[in-house]
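What follows is a set of notes on a single structure, which appears directly below.
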Protein chains: 2
Amino acid sequence: MGDLFSDTPSWLATYQPGQTIFDEGDPASHMYRVESGCVRLQVNGVDGARQIISFLFRGELFGYAVGSRQIAAEAVNETVVRCWSVSSILALGTRRPEVAVELVRVADRQFGSVAQHLQRVARLTAADRVRWFFSGLVSCDGLHRRGGHLDLPMMRRDIADYLGLTPETLSRSILELEEDGFLARKGRKGFCLHGPSLELKVKSLDELKIVSRERQHVIS
Amino acid sequence: MGDLFSDTPSWLATYQPGQTIFDEGDPASHMYRVESGCVRLQVNGVDGARQIISFLFRGELFGYAVGSRQIAAEAVNETVVRCWSVSSILALGTRRPEVAVELVRVADRQFGSVAQHLQRVARLTAADRVRWFFSGLVSCDGLHRRGGHLDLPMMRRDIADYLGLTPETLSRSILELEEDGFLARKGRKGFCLHGPSLELKVKSLDELKIVSRERQHVIS
DNA sequence: CGACAGATTGATCCGTCTCAAGCGTGGTGG
DNA sequence: CCACCACGCTTGAGACGGATCAATCTGTCG
């Protein structure tokens, strides 16, 4: 997938924790791919009511917009990204239409993810939102796994802003899940998941099957 | 914009109120554009907790996915859509890359809209969500305007599912906005807006005047 | 080994949901 | 054309979940 863009000049850039990659309203001059670390896409409300739209890990594309930025991107921890200029990507898309098709595919998948996110935040209770968050992480590549447990790059405030909760409620919900045996805390950012990984694995397998089937269909 | 696809075979289809255009999990076989009426994109939770992602009016494209549907589309009222087959659009994109670029542009804009939607639903009070909903409608083309007032195609339950509220709370919030002089009800689906067009104008001005540059930190 | 930022815990309040009745509007049939 | 009917909308009372404000704790890093 990255090979699609290998014809086009790119370079690496590194960002420190909390550093802004681009902001709302900026002209969309570059496209990025996470090489290591974690990026958060977010909407910064006028009154400081931040909503995190998604966390991006190794291999994920972002910022492939035409026009001006509708959302902001910030580094969660120390992060390395590969950069392309949007104009060169568009030029590449003109020569090789499969590049543009790939961008449409990625954009549609991310659209679906945000739609699911919206449904969860609007309809689930606090504990269920936290459960959903952790379930989504087990199928996430590019995340530190030491021993049997995850090592999250983001702090509580980030997770709370992702799930539409306050840090206090998030803390109480995590405690509840721990008492239920859903997870165990290992230090501040370490978590060990127990029951539910099954459900998520089935879901991600389904997605993989669908994607691969569709790839074949498109190619043939 | 519609002219972009005029090379490609298309046809019209009519849907009755509440009729499904496509469902979650369906293979993405067609792309659509609303000719008249209103379409809702939605996520149907397993327990029937429906979340409406967006309402689409005349001129808006939807369903240009690659792969399987992540969300469902239903007609709100009697709706006419123009249909293209996805394969013919992809073929067109191969011949005319500007078509694919246009799809990326539309996909990105809709991604930004959902992100904003998520921020509002997660952070705003009931009354402010309703205010935002109506403010968004005044700048919406393809909506019945008789005299000085809007004629909405959707019923309360749809608006509630869009804003993440119950119909009861929605009703109380509308009453509150009416008492504040923000809007006036004209029958069941008619509304007359007063204050809010100002806010919308400010927002679009902001989008125009921002010229800041993205921050680059090249390391190789 | 401190010290500080971030995380947790506690008590209380407020907003929205829920359940339950009425009401009005728009459509239908006589 | 009018009366009726049914569905959707509104209104009300009560309960509950999450937010808020405040204090304490703890992991991480210097």
Side-chain angles (χ1 to χ4, degrees), chain A residues 16-18 45 47-52 76-78 120-134 144 146 149-179 183-192, chain B residues 16-18 45 47-51 76-78 120-134 144 146 149 151-180 183-191:
Chain A
Q16 295 308 308
D47 53 344
R50 181 180 68 160
Q51 177 63 45
I52 293 183
V76 172
N77 51 2
E78 183 168 319
R120 301 303 195 280
V121 167
R123 303 295 175 198
L124 262 43
T125 64
D128 285 339
R129 286 182 231 180
V130 177
R131 203 191 310 270
W132 170 72
F133 171 74
F134 280 104
H144 272 211
R146 292 190 313 213
H149 65 88
L150 302 171
D151 195 27
L152 300 189
M154 71 289 284
M155 56 188 195
R156 294 289 185 275
R157 184 58 196 259
D158 290 324
I159 302 175
D161 285 350
Y162 179 78
L163 296 176
L165 300 171
T166 58
E168 295 93 329
T169 300
L170 173 62
S171 186
R172 281 182 261 263
S173 300
I174 289 176
L175 177 64
E176 186 184 335
L177 294 184
E178 194 168 22
E179 288 170 343
L183 54 78
R185 277 178 283 196
K186 306 288 185 188
R188 211 153 252 197
K189 291 181 168 179
F191 291 90
C192 186
Chain B
Q16 294 307 309
D47 53 344
R50 180 181 69 162
Q51 177 64 45
V76 172
N77 50 4
E78 183 168 320
R120 301 303 194 281
V121 167
R123 303 296 176 197
L124 263 43
T125 64
D128 285 338
R129 285 182 232 179
V130 178
R131 203 190 309 271
W132 170 72
F133 172 74
F134 281 104
H144 272 210
R146 290 189 314 211
H149 67 90
D151 195 27
L152 300 189
M154 72 289 285
M155 56 187 196
R156 294 291 185 274
R157 185 57 195 260
D158 290 323
I159 303 175
D161 284 349
Y162 179 78
L163 296 175
L165 299 171
T166 58
E168 295 93 329
T169 299
L170 173 62
S171 186
R172 282 182 261 262
S173 300
I174 290 175
L175 177 64
E176 187 184 335
L177 294 184
E178 195 167 23
E179 289 170 343
D180 290 355
L183 55 77
R185 276 178 284 195
K186 306 286 183 189
R188 207 155 258 192
K189 292 182 167 180
F191 292 91

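Please read all numbers here as calculations on a predicted model, not as lab measurements. All chains are named by letter (A, B, ...) in the order of the sequence lines, taking the proteins before the strands, and each is independently numbered beginning at 1.
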For the residue pair [X] and [Y], what are the closest heavy atoms and their distance?
X: A/A160; Y: A/P167; answer: CB-N, 3.8 Å
X: A/V76; Y: A/P153; answer: CG1-O, 3.5 Å
X: A/H149; Y: A/F191; answer: CB-O, 3.0 Å
X: A/C192; Y: A/K186; answer: CB-CE, 4.1 Å
X: B/A122; Y: A/V121; answer: CB-CG1, 3.9 Å
X: B/S173; Y: B/V130; answer: CB-CG2, 3.8 Å

Quiz item: How large an angle, rounded to 10°, do the end axes of the helix from C/dC1-D/dG30 to C/dT16-D/dA15 enclose when each is built from five base pairs?
Solution: 30°
Exercise. Please confirm whether the backbone N or O of B/G164 pairs with a side-chain atom of B/R129, one donor and one acceptor, at under 3.5 Å?
Key: yes
Quiz prompt | Main-chain N/O of A/R123 paired with B/Q51 side-chain donor or acceptor, under 3.5 Å | solution = no
Quiz prompt | Five-pair end axes of the helix from C/dT18-D/dA13 to C/dG30-D/dC1 and the angle they enclose, rounded to 10° | solution = 10°
With rounding to the nearest 0.5 Å, note down the distance linking [atom1] in [X] to [atom2] in [Y].
X: B/I159; Y: B/S171; atom1: CD1; atom2: OG; result: 10.5 Å
X: B/Y162; Y: B/F133; atom1: OH; atom2: CZ; result: 7.0 Å
X: A/L163; Y: A/D158; atom1: CG; atom2: CG; result: 11.0 Å
X: B/L152; Y: B/H144; atom1: CG; atom2: NE2; result: 11.5 Å
X: B/R131; Y: B/R120; atom1: CZ; atom2: CZ; result: 13.0 Å
X: A/R188; Y: A/R156; atom1: CZ; atom2: CZ; result: 8.0 Å

Quiz item: Between A/R129 and A/K186, who's closer to the 5' end of DNA chain D by nearest nucleotide?
Solution: A/R129
Quiz prompt | Nearest-nucleotide comparison on DNA chain D, the residue closer to the 5′ end among A/L124 and A/G187 | solution = A/L124
Quiz item: For DNA chain D, what residues of residues 151-164 of chain A have any heavy atom nearer than 4.0 Å?
Solution: A/G164
Quiz item: Using a cut-off of 4.0 Å on non-hydrogen atoms, how would the nucleic acid contact of B/R123 be classed: base, sugar-phosphate, or nothing?
Solution: nothing
Exercise. Pick base, sugar-phosphate or nothing for A/L175, based on heavy-atom distances below 4.0 Å to the nucleic acid.
Key: sugar-phosphate
Quiz item: Taking 5' to 3' order, which nucleotide of DNA chain C is first and which is last to have an atom within less than 4.0 Å of a heavy atom in chain A?
Solution: C/dG6 to C/dA11
Quiz prompt | Partner set under salt bridge (Lys or Arg N to Asp or Glu O under 4.0 Å) for A/R157, not counting sequence neighbours | solution = A/D161
Self-check item: Bounds of contact between DNA chain D and chain B, in 5' to 3' order, using a heavy-atom cut-off under 4.0 Å
Solution: D/dG8 to D/dA13
